[in-house]
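Here is the structure we will look at, set down as structure tokens.
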Amino acid sequence: MLLIISCKQTETQPAAEQEATKPVSEKPPIGIVIHGGAGTILKENMTAEQEAAYKEKLEEAVTAGYKVLEEGGESLDAVIAAIQVMEESPLFNAGIGAVFTHEGKNELDASIMNGKDLNAGAVSGISRVKSPIQLARTVMEKSEHVMLSGTGAEAFAQEQGLEMVDPDYFYTERRMESLKRAIEREKVELDHDGQAAFYDPFIKNSKYGTVGCVALDKNGNLAAGTSTGGMTNKRYNRIGDAPIIGAGTYANNVSCAVSSTGWGEYFIRGVVAYDIAAKMEYQKIPLQQASKEVIQDKLTAMGGTGGIIAIDKSGEISMEFNTPGMYRASIDSEGQLNIGIYEK
């Protein structure tokens with residue numbers, strides 16, 4: 001807190017000078033954290049140009065969200081702003097550049113949650129809505145439901161006037177090549193035992209590409225959102241943790257906001273996002289400890305891999321993962337930008 005001290009005050013001191021002697025109020029904390037996926041992300045497999053491209057896009061996304069907060073906007077708006085930057089980049093497995101199913105389609109999932117009232121919205125298996133995270137918010141705010149899927153979710157999006165696109169909008173050649181390689185191997189690519197959630201020819205190794213954001217606004221409201229293209233070569237309309245409230249996304253003003261990325265089946269089974277918040281609320285332990293216990297102990301013991309980003313009601317930030325890397329960035333209340341890719 002900044003305290004401005006003047007000399008001894010007299011009755012003739014100007015009002016402006018008297019005002020200057022008052023303590024300056026401390027601003028309420030704000031903050032934002034994003035992720036662009038976790039997995040086997042190794043520096044030796046990344047060129048300087050590729051690393052710079054990821055860092056540039058991460059900075060663009062987190063800055064877009066922070067600008068909303070800095071101007072007094074809501075955490076929900078900040079989450080949307082940050083995630084939409086990543087949805088519109090082919091670098092990540094969300095929106096443009098989403099991976100392909102076994103049938104050669106893009107099936108997108110997303111979810112969002114408001115920590116103020118525990119309202120939430122989610123969508124899965126959509127292929128014609130430009131911004132899946134925006135549709136998730138629309139489900140939360142404009143419907144009596146929490147989760148919609150497939151053609152029903154797309155029909156709702158049209159009714160609500162959201163921007164629709166041709167399915168080819170999400171197509172990228174490198175994701176199609178990833179599918180072809182996966183089909184040739186006749187197995188779903190997973191980031192375990194040396195395999196990948198999807199193979200990125202630019203990184204030449206494995207990673208998960210789900211994107212997410214958590215934010216705290218000046219009113220003390222938390223929000224979390226997650227968006228993904230799922231898993232390369234997935235079959236049977238598989239749904240991972242990204243659109244599952246409590247697994248991939250969770251926010252509660254009394255504890256924290258969490259967005260997950262990783263091997264979705266394990267995050268669902270471990271109810272990872274909610275587990276972190278519950279530890280804080282019921283065990284009264286800090287965010288960093290709760291995140292570490294869930295990711296490094298419980299998730300790892302189950303055999304799951306991945307990570308989370310989180311922020312609590314005081315602006316404390318956590319970026320915990322048990323993989324060699326996680327694309328991540330944050331800006332805290334002091335405006336301090338932090339960008340990371342690798343474990344170290």
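Residue numbers count from 1 along this sequence.
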Among E107, E265, E103, whose salt bridge (charged side-chain N to carboxylate O under 4.0 Å, His left out) with R238 holds? E265
Is any side-chain heavy atom of I245 less than 4.5 Å from a side-chain heavy atom of M147? no
For the residue pair F92 and Y54, categorise the inter-ring angle as parallel (less than 30°), tilted (30 to 60°) or perpendicular (more than 60°). perpendicular
Checking side-chain contact (heavy atoms from CB on, under 4.5 Å) for the pair H102/K234: CA distance, chi angles, key distance, verdict? CA-CA 6 Å; H102 183 72; K234 64 182 180 181; over 6 Å; no
For H145 and L148 the tightest heavy-atom approach is CD2-CD2, 4.0 Å
Charged N to carboxylate O below 4.0 Å: is that the case for E71 and K67? yes
Output yes when K57 and E60 qualify as a salt bridge under the 4.0 Å nitrogen-oxygen rule, no when they do not. yes
Given side chains that start at C-beta, do those of I41 and Y342 come closer than 4.5 Å, heavy atoms only? yes
Residues V214, V79; criterion side-chain contact (heavy atoms from CB on, under 4.5 Å); working and verdict: CA-CA 6 Å; V214 295; V79 167; 5.9 Å; no
For N253 and L222, indicate whether the former's side chain and the latter's backbone hold a donor-acceptor pair under 3.5 Å. yes
Note: E87 and S227 closest approach over all heavy atoms is OE2-OG, 2.8 Å
On a heavy-atom basis, the closest approach of V99 and R175 is CG1-CD, 3.9 Å
Do R328 side-chain atoms and H35 backbone N/O form a donor-acceptor pair below 3.5 Å? no
Say you draw a straight line from CG of D312 to CG of L216; how long is it, rounded to the nearest 0.5 Å? 8.0 Å
If you define the side chain from C-beta out and look only at heavy atoms, does anything of Q158 sit under 4.5 Å from M164? yes
Straight-line distance of I126 CD1 to N106 CG, nearest 0.5 Å: 11.0 Å
Using modelled atom types only, decide if a donor and an acceptor are shared between the side chain of N322 and the backbone of G304 within a distance under 3.5 Å. yes
What do the steps show when you test S255 against E281 for side chain to side chain donor-acceptor pair (under 3.5 Å), and what is the final call? CA-CA 6 Å; S255 53; E281 183 175 359; 5.0 Å; no
Flag the pair R128 and D166 as a salt bridge only when some basic side-chain nitrogen lies within less than 4.0 angstrom of an acidic carboxylate oxygen. no
Shared hydrophobic cluster for L76 and V139 (ILVMFWY, side-chain gaps under 4.5 Å): no
If I compare all heavy atoms of C213 with all of A82, which pair ends up nearest, and what's the gap? SG-CB, 3.9 Å
Applying side-chain hydrogen bond (donor to acceptor under 3.5 Å, both in side chains), can you list everything that pairs with E74, at least two apart in sequence or on another chain? none
Within 6.0 angstrom of E334 CD, more than 12 heavy atoms from elsewhere: no
Listed by chain and number, what are the side-chain hydrogen bond (donor to acceptor under 3.5 Å, both in side chains) partners of Q160, not counting sequence neighbours? none
Within the structure provided, determine whether E173 and Y171 are in side-chain contact (heavy-atom separation under 4.5 Å). yes
Quick check: does any side chain N or O of E141 sit under 3.5 Å from a backbone N or O of A136, one acting as donor and the other as acceptor? no
Results of side chain to side chain contact (heavy atoms under 4.5 Å, CB included) for Q134 - residues two or more places apart only: I80, Q84, S131, R137, T138, L162
With the 4.5 Å side-chain cut-off for hydrophobic clustering, are I276 and I309 part of the same group? no
Verify, without hydrogens or angle tests, whether T228 (side chain) and A94 (backbone) share a donor-acceptor contact under 3.5 angstrom. no
Applying the 4.5 Å side-chain criterion to the ILVMFWY set and letting contacts propagate, would F170 and L135 be lumped into a single cluster? yes
Are any non-hydrogen side-chain atoms of F100 and N233 less than 4.5 angstrom apart? no
D332 backbone acceptor or donor facing Y66 side chain under 3.5 Å: yes
In terms of heavy-atom contacts, A251 and A224 come closest through CB-N, 3.9 Å
Interatomic distance, CG@L287 vs NZ@K313, rounded to 0.5 Å, equals 12.0 Å
With rounding to the nearest 0.5 Å, note down the distance linking OH in Y274 to SG in C256. 11.0 Å
Does one hydrophobic cluster hold both I311 and L337, with members joined at side-chain heavy-atom distances below 4.5 Å? no
Gap between atom CG of D217 and atom NZ of K116 - 0.5 Å precision: 9.0 Å
Measure from NZ or CZ of R269 to the centre of the six-membered ring of Y266 and say whether it is under 6.0 Å with the direction within 45° of the ring axis. yes
Looking at side-chain heavy atoms only, is the closest gap between M319 and S330 below 4.5 Å? yes
Mind checking whether I331 and I83 sit in one hydrophobic cluster, side chains of I, L, V, M, F, W, Y counted as touching below 4.5 Å? yes
In terms of side-chain geometry, is the basic nitrogen of R174 or E177 positioned less than 4.0 Å from the acidic oxygen of its partner? no
So, S89 side chain and V85 main chain: donor-acceptor pair closer than 3.5 Å or not? no
Give me the atom names and distance for the closest heavy-atom approach of V129 to E154. CG2-CG, 4.1 Å
A quick test of your reading: do over 12 heavy atoms of other residues, nucleotides or ligands sit less than 6.0 Å from CD of Q336? no
Contact check, side chains of F267 and I308, non-hydrogen atoms, under 4.5 Å: yes
Return yes if some donor-acceptor pair links the side-chain N/O of E51 with the main-chain N/O of M46 below 3.5 Å, else return no. no
Between M140 and N114, is any pair of side-chain heavy atoms under 4.5 Å apart? yes
Checking K298 side chain against I295 main chain: does a donor-acceptor pair fall under 3.5 Å? no
Side-chain donor/acceptor of D109 to backbone N/O of I239, under 3.5 Å: no
Between E293 and K279, does any NZ, NE, NH1 or NH2 come within less than 4.0 Å of an OD or OE carboxylate oxygen? yes
Could you walk me through whether M113 and N119 pass the side-chain contact (heavy atoms from CB on, under 4.5 Å) test, one step at a time? CA-CA 6 Å; M113 187 166 184; N119 201 4; over 6 Å; no
To the nearest 0.5 angstrom, please state how far the CD1 atom of I133 sits from the OG1 atom of T226. 6.5 Å
